[in-house]
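Remember, it's a predicted structure, so these values are computed and weren't measured experimentally.
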Amino acid sequence: MSVLFSALDQVMSVMHLSYLMLGVVIGLIVGIIPGLGGIAGMSLLLPFIYGMDASVGLGMLMGLVAVVPTGDTFTSVLMGIPGSSSSQATVMDGFPLAKKGQAARALSAAFLSSMIGGVVGAIILSIFILVARPVVLAFSSAELFMLTLLGLSVVASLSGGSVYKGLAACGMGLLIGTIGGAPATGDFRFTFDIDYLYDGIPLIVVGLGIFALPEIISLLIKNKSIASKGNQLGHGLGQGLKDVMKNLPLVGRSSVFGSLVGAIPGLGGSVVDWMTYSFAMGASKDKSQFGKGEIKGVIAPESANNACSCGSMIPTILFGVPGSGSAAVFLGGMLLLGIQPGVSMVSTHLDLTYTIIWSLALANILGAALCIFLTRPISMLTYIKFSILAPVILTLILFAAYQATRSFGDFMALGVIALMGVFMKSANWPRPAFLIGFVLSAGAENYFFQSIQFYEYSWFTRPGVLIIGALILCGLFLPPLFRKAMRKRQTQEEIEAAETVVNNFSLDIWIAGLFLMVAVVFGYQVWGEQTLTSAFPLIAVALLGGSSLMVIINHLRHRKLIETAEIRQGLVYIAGFFVMAILYFELGFLTTTFFFTLLFIYFFARAGIVKSTSVAVGLLVFLLVMGRLMSVDYPEGLLDGYVLAVANMI
């Protein structure tokens, strides 16, 4: 009990509340921008929390992760554009309500439902901590290694239509995560004599490259504002709150269900919102209004997706196995703050665990309150043209990426991973599976090494290992069998309608072929090294190579053709990014940012010279201030010395 009150005292401190509120505000803004979501937002925050006190840094991260599902409701309701995958079902009835002039009703109902769902999720998380504590304390490194594999298998099997794509993405993430020194021997692997790779690729660079840059490129290709035309808020703000109170049983069921589903790695908000939407429809006496403006169709998914964010913290905190992509970046943030998830979180760091729980509950309350009371001004953010926001977001991404090692390699690695992200996004390969594989790589290899060190190879016969192994097999084989059974029930017309046949271009073949080539090259590089250096990378190589080969075989058997126009434009933007990266170091980071922002907004966004200059100057001032606060020395190039000289005189 004293631990609970100690955590509550920490959460209510002025410093913690300030950073928590900052995380809430950033989370709401990130949620409003379609496509970005919590993964990109949390990746942007990582360099800022470095060196912070653990409880304060966690407060900032929790503030963001708790309210992204709340912020993305604005675009879902007002424009019918899902702010992230967790708000897709909200569009079904939220947007029709907005077209009827009841957007305020839909938004207020969504915000209150989200708040209740988040609080319920935090309560369930605290119960799980108490119940699971003896189990966690009884786990050895062998069981923890198998739990890591279980998380990867579930992520792979539930992250898309093809289990082989999911396994290949996980394998690629695991393999990229092994770049650098081997934890058991200290031998360096896969560095190719490139100095930057000796310490491995930083999580910040991977998270921003695989998610943030591809999403920005996709939005720029569409060349649309966040809202070219929106719906008026209308009336019914109070009515929405009353609707939630009338449907509290539905809110409670959806919240509990969302928490439980969130605790299963790989499911996440993109699944739970549709499931709870179906439950709400099935339990309703009058189903005719669903899809036309039924308020229950907003309440159910919004209750579930915030609870799901809390649920994903269960495996993350207890076992170090992230339940979602956002939880994977959160796990990286914990490690950056010097906190090791797992046994320590229920023993020596139990106070920090409850700090996380209290922060989650409080962030959901603060986020919902802000949205309800500031609905009208916050909704105005959705009318900002994305082409104006793009250089601002890109600058923030580059600033965050540069904090990883503060070298040219950060930008090069960011561009290469973003290129892979563009291809994976276009071909519908599961990028969260790649990110989770990357985050889990170091921990999985450590557990693997410790299992061999403590038990040699007898750990395979431990009861806990055998049970988890059986669960892994179920996780890999049952979902494809269920999908096959569902497919048999479909008519031929439904099957043909589900196929994507647009252009004769086998992108799956290219991606799988590239992954297979990486597996061969990396396998050759590590073959012949001592066992503790090569064992884990060879497991990742086998997983990546075998799964990629199966993707190629399946693709040749069931050819699916993919649109190429967006891919070609994406390649142009990536090429432009590499040019910009060179200019950052040749001309100077500050100078290049200023002129790029000015010219981009003036010519691409077609804004006036005053607006373009104002945004460019604002970004320049931001970089100068952050440089001084964080003691960052930007690449000066040929011109930045003059800019810094002028700034020092002011």
Side-chain angles (χ1 to χ4, degrees), residues 28 31 66-67 69-80 82-83 86-121 230-259 269 272-309 361 364-376 378-379 382:
L28 291 176
V67 300
T70 304
D72 61 27
T73 306
F74 281 102
T75 51
S76 300
V77 171
L78 292 175
M79 283 88 62
S86 64
S87 62
Q88 294 173 4
T90 305
V91 173
M92 295 296 294
D93 288 286
F95 190 51
L97 281 168
K99 289 193 287 187
K100 293 178 181 179
Q102 299 180 42
R105 178 191 178 193
L107 287 172
S108 61
F111 297 146
L112 185 57
S113 301
S114 296
M115 182 193 76
I116 297 174
V119 172
V120 170
N231 289 281
Q232 297 298 318
L233 286 177
H235 60 277
L237 194 65
Q239 181 59 43
L241 303 179
K242 293 178 182 177
D243 289 327
V244 174
M245 302 312 294
K246 283 184 191 175
N247 292 281
L248 278 179
L250 175 62
V251 174
R253 288 195 302 271
S254 300
S255 301
V256 173
F257 183 77
S259 299
V272 73
D273 63 334
W274 286 113
M275 295 174 77
T276 50
Y277 184 85
S278 299
F279 291 161
M281 184 186 299
S284 179
K285 295 180 180 178
D286 181 13
K287 301 177 178 61
S288 63
Q289 292 305 306
F290 279 87
K292 301 177 183 178
E294 171 60 64
I295 196 65
K296 292 180 182 177
V298 174
I299 291 172
E302 287 300 314
S303 303
N305 57 31
N306 277 55
C308 185
S309 297
N364 276 282
I365 295 171
L366 290 174
L370 276 177
C371 288
I372 290 172
F373 290 110
L374 300 176
T375 296
R376 212 164 290 275
I378 291 176
S379 65
T382 61

**OP:** Looking only at non-hydrogen atoms, find the nearest pair between Phe111 and Ile372 and report the distance.
**Re:** CB-CG1, 3.7 Å
Subject >> Shortest non-hydrogen contact from Asp93 toward Glu294 >> reply: OD1-N, 2.9 Å
**OP:** Go through the steps to decide whether Leu248 and Ile116 satisfy the test side chain to side chain contact (heavy atoms under 4.5 Å, CB included), and finish with yes or no.
**Re:** CA-CA 9 Å; Leu248 278 179; Ile116 297 174; 4.1 Å; yes
Subject >> Distance, nearest 0.5 Å, that separates OG of Ser108 from CG of Asp243 >> reply: 7.5 Å
Original post:
Does a side-chain heavy-atom distance below 4.5 Å link Arg105 with Val298?
Top reply: no
Original post:
Can you name the nearest heavy-atom pair linking Lys296 to Phe290, along with the distance?
Top reply: CB-CZ, 4.1 Å
Original post:
Could you give the distance from CE (Met115) to CG (Asn364), rounded to the nearest 0.5 Å?
Top reply: 9.0 Å
Original post:
Checking Ser259 side chain against Ser255 main chain: does a donor-acceptor pair fall under 3.5 Å?
Top reply: yes
Original post:
Of all heavy-atom pairs between Tyr277 and Met92, which one has the smallest distance, and what is that distance?
Top reply: OH-CB, 3.6 Å
**OP:** Hey, could you give me the CG/OG1 distance between Leu97 and Thr90, rounded to the nearest 0.5 Å?
**Re:** 11.5 Å
Original post:
Sub-3.5 Å donor-acceptor pair from the side chain of Ser254 to the main-chain atoms of Val251, do we have one?
Top reply: no
Original post:
What are the two closest non-hydrogen atoms of Met245 and Leu112, and how far apart are they?
Top reply: SD-CD2, 4.3 Å
Subject >> Euclidean distance, Asn305 CG relative to Thr276 OG1, rounded to 0.5 Å >> reply: 8.0 Å
**OP:** Would you name the heavy atoms of Glu302 and Ala110 that are closest together and state the gap between them?
**Re:** CG-CB, 3.6 Å
Original post:
So how far is it from Ser114 OG to Ile299 CD1, rounded to the nearest 0.5 Å?
Top reply: 10.5 Å
